[in-house]
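See below for the structure under consideration.
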Amino acid sequence: MKVLFIRPAFSGIYKVFKETKSPKLVLPSTGILYLASYLKKHGHRVFLIDNEVKNYSIEELLREIERIEPAVIGFGPTTPEFFNCIEIVRIIKKSFKAKIVFGASHVSALPEETLKDYPEIDFVIRGEGEITMLEFLNALENGNSDYAGIKGLSFRRDEQIIYNEGRPFIDDIDTLPWPDRDLMAPEDYLYSVPKKGMRPFGTILTGRGCPYNCSYCYSFFNSRRMRVRNPVDIVDEIEYCVKKYKHEYFVFLDESFSYKKEHVFKICEEMINRKISIPWWCMTRANLVTQEIVSIMKKAGCHMISLGVESGDQGILNKVEKKLLLEDFERAFKIIKDIGIETRGSFIIGFPFETLETVRKTIDFSKRLKIDRANFNIMTPLPGTEIYNQALKEEGIKLLTSDWREFTRWGNAVIETPSLKPDQMKALQKQAITEFYCRPRIIWNHLLHFIQGERDFFYYRPLLFALSNYLKFLLIRLKGKN
């Protein structure tokens with residue numbers, strides 16, 4: 001059976017940095033690529049249109065659908081991308097009889113609302129989609145219209161919404177084939193590579209699940225038990241991508257890459273023994289950072305480590321179940337920086353009961369830490385998170401809209417706290433970026449990158465935004481004095 005996955009363009013949704021015509025970073029949709037390889041393994045034909053890369057007009061998109069003639073068309077939007085998908089689906093439905101299937105985190109959190117409010121969507125796949133999608137396609141292909149036994153599937157029957165039993169997480173993820181990268185052209189997916197600029201890159205997932213319970217992250221979508229892949233198979237995949245697709249950089253997608261120390265050691269030792277010399281970066285938590293583990297990651301090519309700091313106020317960290325101390329971040333970033341790996345920290349403005357004082361602490365803390373790059377988001381309570389439930393109940397945070405197009409984290413605020421209004425949060429986000437980047441150490445660090453050959457605009461967007469914002473501030477002050 002023919003299956004077409006469509007990833008609508010999302011440029012323009014996020015509002016802090018302006019889009020440019022220069023090469024941009026587009027992460028491959030690894031979830032779709034895993035689905036594709038699993039379905040192909042079981043005999044189905046799979047196609048992908050990544051319109052963030054292709055930039056097809058709606059007419060061109062319809063012509064591609066007509067050429068492929070899929071029986072099923074799948075979408076996996078994030079929350080702010082959801083309405084983009086709906087607009088496309090409404091047009092598709094006028095010309096094609098293909099079944100429309102939605103998956104991923106947003107609809108997994110709101111399956112009944114999705115099917116009730118959007119009749120264009122025929123089926124919703126909740127949670128991990130590989131087995132559920134395969135069973136659905138097999139049933140459809142065999143003419144079986146009774147989907148009641150397919151775990152993880154929601155659908156309509158005689159105007160009634162059927163919510164099948166949930167599907168357990170896949171225990172042995174080594175049974176899944178590698179993502180089907182043949183569906184994408186390597187030259188369409190570029191990353192800022194040290195001393196080289198924008199070059200072809202790949203994404204790697206070494207495990208699934210997250211053992212932590214932060215209130216701003218999805219709880220239903222992740223298994224609390226970490227399920228990890230065979231380290232040899234992981235490095236086989238990296239080596240294969242380097243040879244076949246000429247990848248020159250890798251992004252490890254795991255939320256807590258170094259959670260299982262021995263697993264990370266085996267991956268790094270395998271890369272070192274095979275003499276795979278390629279830079280990569282990963283995300284982890286401050287409590288998982290040690291001198292020993294960072295040292296071997298450095299030897300294996302780790303170029304950058306990102307930690308989610310979120311707040312510089314200990315009280316807020318406690319309330320959102322971060323279960324870390326401010327000292328943990330200071331210690332972790334010092335270890336990473338001293339070993340010679342670039343550091344990145346992510347922060348959030350607008351937690352429940354956030355005030356100007358707590359935001360000030362966050363900005364000051366970001367500047368005190370040994371961080372080279374920082375990302376400041378505005379709290380956006382996504383469906384399926386505990387903070388979303390808090391916002392609905394107005395427990396220190398109030399949700400102001402259910403227009404998913406506004407849920408962008410950057411340059412927009414859909415919430416308020418008892419002390420902060422949306423416009424204040426947007427101003428504080430700009431202020432945080434400006435204060436962090438407009439410092440001699442950070443400017444000098446970026447200048448070194450430029451001298452060493454990192455000439456792509458994408459890498460410098462935060463710095464250029466900060467400098468532009470600072471110049472605007474100076475001009476306003478000068479005009480005020482005159």
Side-chain angles (χ1 to χ4, degrees), residues 5 7 25-42 46 48 50 53 76 128-131 133-134 169-191 193 199-210 222-223 226-284 293 296-306:
F5 291 105
R7 184 193 200 186
L25 185 155
V26 180
L27 282 174
S29 183
T30 305
I32 289 177
L33 300 181
Y34 262 111
L35 273 172
S37 61
Y38 190 77
L39 298 177
K40 279 188 175 182
K41 177 182 176 181
H42 291 87
V46 184
L48 169 65
D50 187 343
V53 169
E128 289 181 329
E130 287 89 356
I131 299 174
M133 187 68 166
L134 176 63
F169 291 104
I170 299 169
D171 281 327
D172 185 2
I173 59 173
D174 278 324
T175 60
L176 299 173
W178 296 342
D180 184 8
R181 295 179 176 86
D182 286 342
L183 291 176
M184 47 181 262
E187 63 272 14
D188 289 336
Y189 298 86
L190 307 175
Y191 202 90
V193 180
R199 307 293 297 165
F201 81 109
T203 52
I204 291 286
L205 195 63
T206 72
R208 289 185 179 183
C210 179
N222 273 323
S223 163
M226 284 290 292
R227 297 155 292 149
V228 296
R229 295 172 54 196
N230 184 329
V232 174
D233 187 58
I234 293 166
V235 181
D236 283 346
E237 183 181 350
I238 291 171
E239 199 166 46
Y240 176 81
C241 290
V242 171
K243 291 178 179 177
K244 181 171 183 179
Y245 305 110
K246 310 303 179 186
H247 288 164
E248 299 182 37
Y249 196 89
F250 281 91
V251 174
F252 284 74
L253 298 175
D254 308 70
E255 293 175 348
S256 301
F257 175 71
S258 57
Y259 176 68
K260 292 197 173 185
K261 177 181 174 182
E262 293 305 315
H263 186 246
V264 174
F265 263 83
K266 288 177 182 177
I267 294 171
C268 292
E269 287 169 352
E270 192 72 22
M271 293 180 73
I272 293 166
N273 291 338
R274 296 195 202 182
K275 298 180 181 180
I276 298 174
S277 180
I278 192 165
W280 50 275
W281 79 272
C282 66
M283 300 173 284
T284 192
I293 206 164
I296 196 166
M297 286 167 64
K298 168 76 171 177
K299 291 177 184 176
C302 183
H303 160 251
M304 183 171 69
I305 298 176
S306 179

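What you see is a predicted model, and the numbers here were worked out from it, not measured in a lab.
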Note to self: Considering only residues two or more places apart or on different chains, which pairs with a residue in residues 27-36 satisfy side chain to side chain donor-acceptor pair (under 3.5 Å)?
What the structure shows: Thr30-Thr203
Check: Do Lys266 and Val228 come within less than 4.5 Å of each other through their side chains, counting heavy atoms only?
Finding: no
Notebook entry, point to check: What's the verdict on side chain to side chain contact (heavy atoms under 4.5 Å, CB included) for Arg7 and Val53, showing C-alpha distance, side-chain angles and the deciding distance?
Noted result: CA-CA 9 Å; Arg7 184 193 200 186; Val53 169; 5.8 Å; no
Next item on the list: Would you give the length of the straight line joining atom CG of Leu176 to atom CD1 of Ile170, rounded to the nearest 0.5 angstrom?
Entry: 4.5 Å
Note to self: Minimum heavy-atom separation for Ala36 and Leu183, please, with both atom names.
What the structure shows: CB-CD1, 3.5 Å
Checklist line | Which residues share a salt bridge (Lys or Arg N to Asp or Glu O under 4.0 Å) with Glu270, sequence neighbours left out | finding: Arg274
Item checked: Residues that Asp233 engages under salt bridge (Lys or Arg N to Asp or Glu O under 4.0 Å), provided they are two or more places apart -> Arg229
Note to self: For Lys40, give me all partners under side-chain hydrogen bond (donor to acceptor under 3.5 Å, both in side chains), at least two apart in sequence or on another chain.
What the structure shows: Asp180
Margin query: For Gly207 versus Asp254, what's the shortest heavy-atom pair and its separation?
Written below: N-OD2, 2.9 Å
Notebook entry, point to check: Can you name the salt bridge (Lys or Arg N to Asp or Glu O under 4.0 Å) partners of Asp172, sequence neighbours left out?
Noted result: none
Check: Hey, what do you get for OG1 (Thr284) to CD1 (Ile305), rounding to the nearest 0.5 Å?
Finding: 7.5 Å
Notebook entry, point to check: Which atoms form the tightest heavy-atom contact between Leu33 and Pro28, and what is the distance?
Noted result: CD1-CB, 4.2 Å
Notebook entry, point to check: Does the side chain of Ile272 reach to within under 4.5 Å of the side chain of Ile296, using non-hydrogen atoms?
Noted result: yes
Next item on the list: Report yes if some heavy atom in the side chain of Met226 is under 4.5 Å from a heavy atom in the side chain of Ser256; otherwise report no.
Entry: no
Check: His42 and Met133: side chain to side chain contact (heavy atoms under 4.5 Å, CB included), yes or no, with the steps?
Finding: CA-CA 11 Å; His42 291 87; Met133 187 68 166; over 6 Å; no
Checklist line | Where Ile293 and Ser258 come nearest, the two heavy atoms and their spacing | finding: CD1-CB, 3.8 Å
Next item on the list: On the 0 to 90° scale, with breaks at 30° and 60°, tag the His247-Phe250 ring pair as parallel, tilted or perpendicular.
Entry: perpendicular
Check: If every non-hydrogen atom of Gly209 is compared with every non-hydrogen atom of Arg227, which pair is closest and at what distance?
Finding: N-NH2, 3.8 Å
Next item on the list: Could you grab the distance from atom CE of Met283 to atom CE of Met304, nearest 0.5 Å is fine?
Entry: 10.0 Å
Checklist line | Rounded distance [0.5 Å steps], CD in Glu237 versus CG in Leu205 | finding: 9.0 Å
Next item on the list: Could you verify whether a donor N or O on one side chain and an acceptor N or O on the other, from Tyr189 and Asp50, lie under 3.5 Å apart?
Entry: yes
Item checked: Lys/Arg N to Asp/Glu carboxylate O, Glu130 vs Lys41, below 4.0 Å -> no
Next item on the list: Could you pull out all residues at least two apart from Phe257 that satisfy ring-ring contact (aromatic ring centres under 6.0 Å, His included)?
Entry: Phe252, Trp280
Next item on the list: Please round to the nearest 0.5 Å and tell me the distance separating atom CD1 of Ile238 and atom CD1 of Ile267.
Entry: 7.5 Å
Next item on the list: Could you go through the side chain to side chain contact (heavy atoms under 4.5 Å, CB included) check for Lys244 and Arg181 one step at a time?
Entry: CA-CA 10 Å; Lys244 181 171 183 179; Arg181 295 179 176 86; over 6 Å; no
Next item on the list: Could you check whether the rings of Tyr245 and Tyr240 sit parallel, tilted or perpendicular, using 30° and 60° as the cut-offs?
Entry: perpendicular
Item checked: Phe201/Leu27 under side chain to side chain contact (heavy atoms under 4.5 Å, CB included): CA gap, chis, key distance, verdict -> CA-CA 9 Å; Phe201 81 109; Leu27 282 174; 3.7 Å; yes
Next item on the list: Taking all heavy atoms of Ser37 and all of Pro179, pick out the closest pair and write down the distance.
Entry: OG-CA, 4.0 Å
Notebook entry, point to check: When rounded to the nearest 0.5 angstrom, what distance separates NZ in Lys246 from CD in Glu248?
Noted result: 10.0 Å
